[in-house]
Number of protein chains: 2
Amino acid sequence: MKDRAEARTLAGDAYAVIHRAIRSGLLQPGQRLRFAELQALCGMSVSPVREALVRLTAEGFTVSDDHRGFSVAPLSIAELLDIVGTRKLLEGEALRLSIEHGDSDWEGRLLAAHHVMSRLPRERDDMPSAMREDWDLRHADFHRILISACRSPILIEMCEKLFVRADRYRRLSISVPNQSRDVVCEHERIMALALDRNAEEAVAALKQHYQRTADAVQRLFETQEAL
Amino acid sequence: MKDRAEARTLAGDAYAVIHRAIRSGLLQPGQRLRFAELQALCGMSVSPVREALVRLTAEGFTVSDDHRGFSVAPLSIAELLDIVGTRKLLEGEALRLSIEHGDSDWEGRLLAAHHVMSRLPRERDDMPSAMREDWDLRHADFHRILISACRSPILIEMCEKLFVRADRYRRLSISVPNQSRDVVCEHERIMALALDRNAEEAVAALKQHYQRTADAVQRLFETQEAL
DNA sequence: GGCACCCGCATTTTCGAAAATCCTCTGCTC
DNA sequence: GAGCAGAGGATTTTCGAAAATGCGGGTGCC
């Protein structure tokens with residue numbers, strides 16, 4: 001994740017700042033992005049800001065309109081369903097390959113990542129946002145490691161991009177109370193099946209895991225008519 | 001394909017020019033890209049050239065090294081196999097969905113694209129390169145239309161990117177004589193099965209089609225030790 | 001002799017302003 | 001009143017130079 005590797009260029013900083021602003025909601029879906037504001041936000045000149053926007057556009061976080069600048073990519077149920085469907089396909093296959101090729105080192109990293117994640121609370125309201133941020137990172141690590149042994153860099157990269165792209169939607173789902181889901185349990189089950197080398201059921205569990213998150217967000221959309 | 005939509009900005013032109021230079025081999029894999037040269041090639045200042053490189057890097061055609069500039073992404077057997085494997089997964093599923101959802105308009109466009117393509121010769125040595133370029137475009141259209149009814153914009157976009165990314169390798173395979181393959185026939189078979197709504201066999205034929213191209217290029221690599 | 005440091009050159013990266021483009025509002029014509 | 005042309009302003013895009021960074025050679029020190 002480019003966010004964490006601290007950038008050695010201003011353009012990298014700008015990318016991180018704007019990316020975070022979009023994910024946090026400071027810059028809202030559909031909002032037009034003016035260079036003047038972004039320069040103020042990032043504290044730099046137009047060149048690195050523009051470079052950041054070009055990169056964000058390539059990754060689907062912003063959209064560009066020639067000579068009319070950039071705006072934050074809008075959210076939609078259609079995109080959510082598309083992202084989830086594609087993730088089920090890609091990560092499902094990546095997990096299957098990981099289970100096929102993974103060695104004991106992979107198993108160890110998986111166990112470790114899950115352990116760290118399970119030690120953090122997820123949705124306590126009194127939880128400081130820093131901790132919630134931390135949970136997000138661990139959660140991302142867990143899913144990353146799950147597919148890390150698939151031996152296909154392209155697949156990994158695509159899954160990573162979709163994961164980040166799904167993040168804006170995932171943040172909405174957290175605000176849904178009483179989901180009657182035990183997310184921790186779902187993760188545990190996926191891991192157990194993976195370690196058992198039960199590819200079929202592990203893939204099915206992973207797909208179900210994503211579908212449930214999608215369903216939760218979709219319900220939220222429909223009730224709030226947030227779109 | 002961004003190449004064909006004539007760009008309304010210089011950065012778009014630069015993207016097209018450099019992209020073409022990489023695909024044609026004018027800029028070779030691994031070669032370092034200096035701004036001075038690229039500015040001369042594109043006939044413009046540094047800003048749009050840099051923007052083009054950022055975009056190309058996001059798509060995997062170039063790689064960037066902070067404060068040390070850009071270079072053309074190297075070719076490798078590993079990457080070729082990775083691209084082909086991922087394409088089989090993605091386009092296989094996209095074709096399955098297209099067959100499921102495609103209407104008669106889709107069938108018509110598919111027939112038309114195949115007809116136009118079949119009227120162009122592919123590998124005549126005396127063929128002017130403009131015509132070969134034309135065949136490439138029609139070939140791309142055919143594959144694009146094949147999956148165009150899958151109703152997943154993300155899947156389509158990913159397939160498009162992989163298609164373009166595979167192009168550098170595909171150009172190598174054309175230089176292999178006597179492939180004992182009837183590419184025209186393969187395309188015909190895929191189309192016939194798709195129109196027949198025989199998803200299973202159509203997907204299998206498509207995957208085989210890609211695997212054969214991969215095999216041809218791999219043999220070329222190994223004999224020439226071009227890597 | 002070998003190693004570390006510093007300086008100058010080549011190159012990338014960033015800046016601030018100029019040029020180009022788009023949007024809006026006004027005024028004119030039909 | 002509707003519609004088009006054009007000026008003015010806002011904004012993006014591009015330029016050319018300045019700043020920052022990395023690389024290689026040379027010098028001094030151990």
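Sequence lines set the chain letters: A, B, ... in the order given, protein chains first and strands last, and positions in each chain run from 1.
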- [ ] Looking only at side-chain atoms of A:His67, point me to the closest of D:dT13, D:dC15, C:dG16.
- [x] D:dT13

Task: Spacing between A:Met44 atom CE and C:dT13 atom C1', to the nearest angstrom - done: 12 Å

TODO: Indicate yes or no: at least one non-hydrogen side-chain atom of B:Leu206 is less than 4.5 angstrom from one of B:Leu146.
DONE: yes

TODO: Compute both the distance and the angle, then confirm whether B:Arg20 meets the cation-pi test with B:Tyr15: under 6.0 Å from the six-membered ring centre, within 45 degrees of the axis.
DONE: no

- [ ] Round to a whole Å and report the spacing from CZ of B:Phe35 to P of D:dT21.
- [x] 16 Å

Open item on the list: Among D:dC15, C:dT12, C:dT14, which nucleotide has an atom closest to any side-chain atom of B:Arg32?
Closed with: C:dT12

Open item on the list: At less than 4.0 Å, is any side-chain N or O atom of B:Arg34 found next to OP1 or OP2 of C:dT11? Yes or no.
Closed with: yes

Open item on the list: Could you check whether A:Arg171 pairs with A:Asp136 (Lys NZ or Arg NE/NH1/NH2 to Asp/Glu carboxylate O, under 4.0 Å)?
Closed with: yes

Open item on the list: Please classify the nucleic acid contact of B:Ala11 as base, sugar-phosphate, or nothing, using heavy-atom distances under 4.0 Å.
Closed with: sugar-phosphate

Task: Interatomic distance where CZ belongs to B:Arg68 and P belongs to D:dC23 [whole Å] - done: 4 Å

Open item on the list: Whether B:Arg50 contacts C:dT13 is assessed here as follows: a side-chain N or O lying under 4.0 Å from the phosphate OP1 or OP2. Is that the case?
Closed with: yes

Task: Atom pair CZ (B:Arg34) and CG (B:Leu38), whose distance is rounded to the nearest 0.5 Å - done: 10.5 Å

Task: Gap between atoms CG and C1', on A:Asp66 and C:dC23 respectively (whole Å) - done: 16 Å

TODO: Answer yes or no: is there an ion pair linking A:Arg219 with A:Asp215, defined by an N-O contact shorter than 4.0 Å?
DONE: no

- [ ] Under 4.0 Å between any heavy atoms, over every strand shown, what does A:Leu33 touch: base, sugar-phosphate, or nothing? Just pick one.
- [x] sugar-phosphate

- [ ] Rounded off to whole Å, could you give me the CG-to-P distance for the B:Asp65 and C:dT13 pair?
- [x] 9 Å

Task: First of A:Val46 and B:Val46 reached from the 5' end of DNA chain D, by closest nucleotide - done: A:Val46

Open item on the list: What contact category does B:Thr9 fall into here, base, sugar-phosphate, or nothing, at under 4.0 angstrom with non-hydrogen atoms?
Closed with: sugar-phosphate

- [ ] Rounded off to whole Å, could you give me the CD-to-C1' distance for the B:Glu51 and C:dT13 pair?
- [x] 15 Å

Task: Atom-pair distance (CZ on A:Arg8; P on D:dT21), nearest Å - done: 8 Å

TODO: Using whole Å, report how far CD of B:Gln39 lies from P of C:dT11.
DONE: 12 Å

